[in-house]
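The sequence lines fix the lettering, A, B, ..., with proteins before strands; numbering per chain opens at 1.
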Protein chains: 2
Amino acid sequence: MAQPHPASANGASGVEQHNGTPAFSPLYQQIKGLLLGSLQAGEWKPGESIPSEMDLAGRYRVSQGTVRKAIDELAAENLVVRRQGKGTFVSTHSEQQSSFRFLRLTPDAGPMKNPAAPQRHIIDCRRARATAEVARALLMKPGDGVLHLRRVLSFSNTPTILEDIWLPGPYFRGLTAERLAADERPMYGMFEAEFNVHMVRAEEKIRAVLPDAEQRRLLNLDGTQMPLLSVERVAFTYNDLPMELRRGLYRTDAHHYSNVLS
Amino acid sequence: MAQPHPASANGASGVEQHNGTPAFSPLYQQIKGLLLGSLQAGEWKPGESIPSEMDLAGRYRVSQGTVRKAIDELAAENLVVRRQGKGTFVSTHSEQQSSFRFLRLTPDAGPMKNPAAPQRHIIDCRRARATAEVARALLMKPGDGVLHLRRVLSFSNTPTILEDIWLPGPYFRGLTAERLAADERPMYGMFEAEFNVHMVRAEEKIRAVLPDAEQRRLLNLDGTQMPLLSVERVAFTYNDLPMELRRGLYRTDAHHYSNVLS
DNA sequence: CAGTGGTCTAGACCACACT
DNA sequence: GTGTGGTCTAGACCACTGC
């Protein structure tokens, strides 16, 4: 990583890969990769600060500006948060108001300054075998052990979301309905602290569906014919490893899924 | 903007506003504001290149790095696209594959390398008076003149999207059903070229709904009871001015609305 | 070849938070 | 005051594009 002279050639410059594309990778990308490795290895835990830019510049034998650009990209991806005068901190789902980082359901009245966290009710929590569909999403083999949760989220005592959640079993040993019910933290915050699983990114596929009888019952929708939003999410950790498949059914008569395009 | 010495104090530094908050604004933010003004004024048209970083640095009496940071932010907001070796270009909706920049509907089979643009069918195009709801969204007064479009988008001959579109009348003089039907460009691309209206950002609110009889008819859904996605969009131009209200009804039996969270 | 954006460095100073 | 991230400059060289 050390450069013999200022602005000297990049170490990888000019190297060709077997497929013929140049292997050029900017220094700051390499630094970013090293930082990602440290995050993934748990060298710095969520909520903690990482070393200062000057420290990292010294460690990697690189100028502060290069470290800065690497951290800029991590911050743009929400993996770290910069706080002027204090330092750079590993992102966490455990803070207040982070219940909604991955939950894009907003009251129709408009977002409040302090949106209330939903009430949670665990309906089911059991070990099971991965179906073909679950296995595909979680990069497992059909029949592998998974943990299946089902819960209902309510806003001001109105059941609004019914969620089925599938987690790869080996990463979540010891997770039970009792522990889930007793825990006050957002689920992803608890995953960080208890199972060292940090969700970093997610993809959602949204459809309109009609609930079946059981789904209507669990959401107190009997006697009505209300269409629901089906939100199918795959959540990923640092290394783009899928660690959760979640299917939510959202009532949208008093809320809406909000999104920004640019 | 000129600095008497390198790294001298920022021009606005230390200034206080009446409300007591410091008026500090980094130089690069001021440059960004000037660039935004030029974009908004049409000094550089969509698709054209803006002056080189060195040129702009000279024009504003600032270092290249400062201009660079300003352009970086514009690029992050998709207002501008950088192309190494060629220049920096004003974003446009008129290019190939940009039909889907604001349309997040994906075939369930998975995105293709060259997604086919949907077939378009104009159902209605008329001048009307803004309802209270439309006026609120477009920052107009109820009763002001608006243009109301209705169209159907089809994928491989299956009507899939029914859209109602409201535009502020004064900005779209001369837009008729005939012109719309004859135009091959994406609608936002045509808006840029013909009406100098460049959509830059949009907010969408998504719900699950049941179509009424007329909506079912227009989407060839008679005889079925299919829930649809209601996608309500407000699109904005450079100065955060809302220039379009659009309500789409999406079939999601063979497509899904896809979104990425981070 | 010249011109563009992209990377990297070194050094200075500013704004902010803690002590 | 000290240490953090944030801004700004000046200059060098690299990678890509097109003449």
With 3.5 Å as the limit, what N/O pairs link the protein to nucleotides 17-19 of chain C?
unit_1: dC18(C); atom_1: OP1; unit_2: Lys86(A); atom_2: NZ; d: 3.4

Separation of dG6(C) atom P from Ile31(A) atom CD1, nearest Å, is 20 Å
Can you figure out which of dT7(C), dC8(D), dG5(D) approaches the side chain of Arg82(A) most closely? dG5(D)
Would you kindly give the CG-to-C1' distance between Asp55(A) and dT2(D), to the nearest whole Å? 14 Å
Determine the sole option in Val234(A), Leu147(A), Leu149(A), Leu245(A) for which the side chain to side chain contact (heavy atoms under 4.5 Å, CB included) test with Trp166(A) is passed. Leu245(A)
Whole-Å gap separating P (dG6(C)) and CG (Asp72(B)): 8 Å
Between Tyr28(A) and Asp72(A), does any side-chain donor sit less than 3.5 Å from a side-chain acceptor? no
What is the distance, rounded to the nearest whole Å, between atom CE of Met54(B) and atom P of dG3(C)? 11 Å
Distance, rounded to the nearest Å, where Lys32(B) contributes NZ and dT7(D) contributes P: 12 Å
Nearest-nucleotide pick for Thr66(A), side chain only, options being dG5(D), dT9(D), dC8(C): dC8(C)
Thinking salt bridges, do Glu194(A) and Arg179(A) make one under a 4.0 Å N-O criterion? yes
Should the heavy atoms of other residues, nucleotides or ligands under 6.0 Å from CZ of Phe155(A) be counted, would the total exceed 12? yes
Mind checking salt bridge (Lys or Arg N to Asp or Glu O under 4.0 Å) for Arg68(A) and listing every partner two or more places apart, or none if nothing turns up? Glu53(A)
If the cut-off is 4.0 Å, is Lys69(A) near the phosphate of dT7(C), judged by side-chain N/O to OP1 or OP2? yes
Below 4.0 Å: OP1/OP2 of dT17(D) and any side-chain N or O of Arg83(B): no
Check whether any side-chain nitrogen or oxygen of Arg68(B) sits under 4.0 Å from OP1 or OP2 of dG6(C), and answer yes or no. yes
In Å and rounded to the nearest 0.5 Å, what is the CG to CE distance from Leu167(A) to Met187(A)? 7.5 Å
Side-chain ion pair, Arg151(B) and Glu163(B), N-O less than 4.0 Å: yes
Phosphate-side-chain proximity, Ser63(A) and dC8(C), N/O vs OP1/OP2 below 4.0 Å: no
Convert the base pairs of DNA chain C into dot-bracket notation, remembering that pairs crossing earlier ones are written with [ ] and that bases paired across to another strand are shown as |; include only Watson-Crick or G-U pairs under 3.5 Å. ||||||||||||||||||.
For Thr88(B) and dG5(C), is the shortest distance between a side-chain N/O and OP1 or OP2 below 4.0 Å? yes
Distance col, row Gln30(A):CD vs Tyr60(A):OH, nearest 0.5 angstrom, shows 12.0 Å
Non-hydrogen side-chain atoms of Leu79(A) and Leu36(A) separated by less than 4.5 Å: yes
Between C1' of dT9(C) and CG of Leu27(A), the distance in whole Å: 11 Å
Taking OH from Tyr28(A) and P from dA15(D), how many angstroms apart are they, rounded to a whole number? 14 Å
How close do Ser91(B) and Pro46(B) get, heavy atom to heavy atom, and via which atoms? O-CB, 3.4 Å
Could you say whether Gln64(A) or Gln29(A) is positioned toward the 5' end of DNA chain C, judged by the nucleotide with the nearest heavy atom to each? Gln29(A)
Output the rounded distance in Å from CD (Glu73(A)) to P (dG6(C)). 12 Å
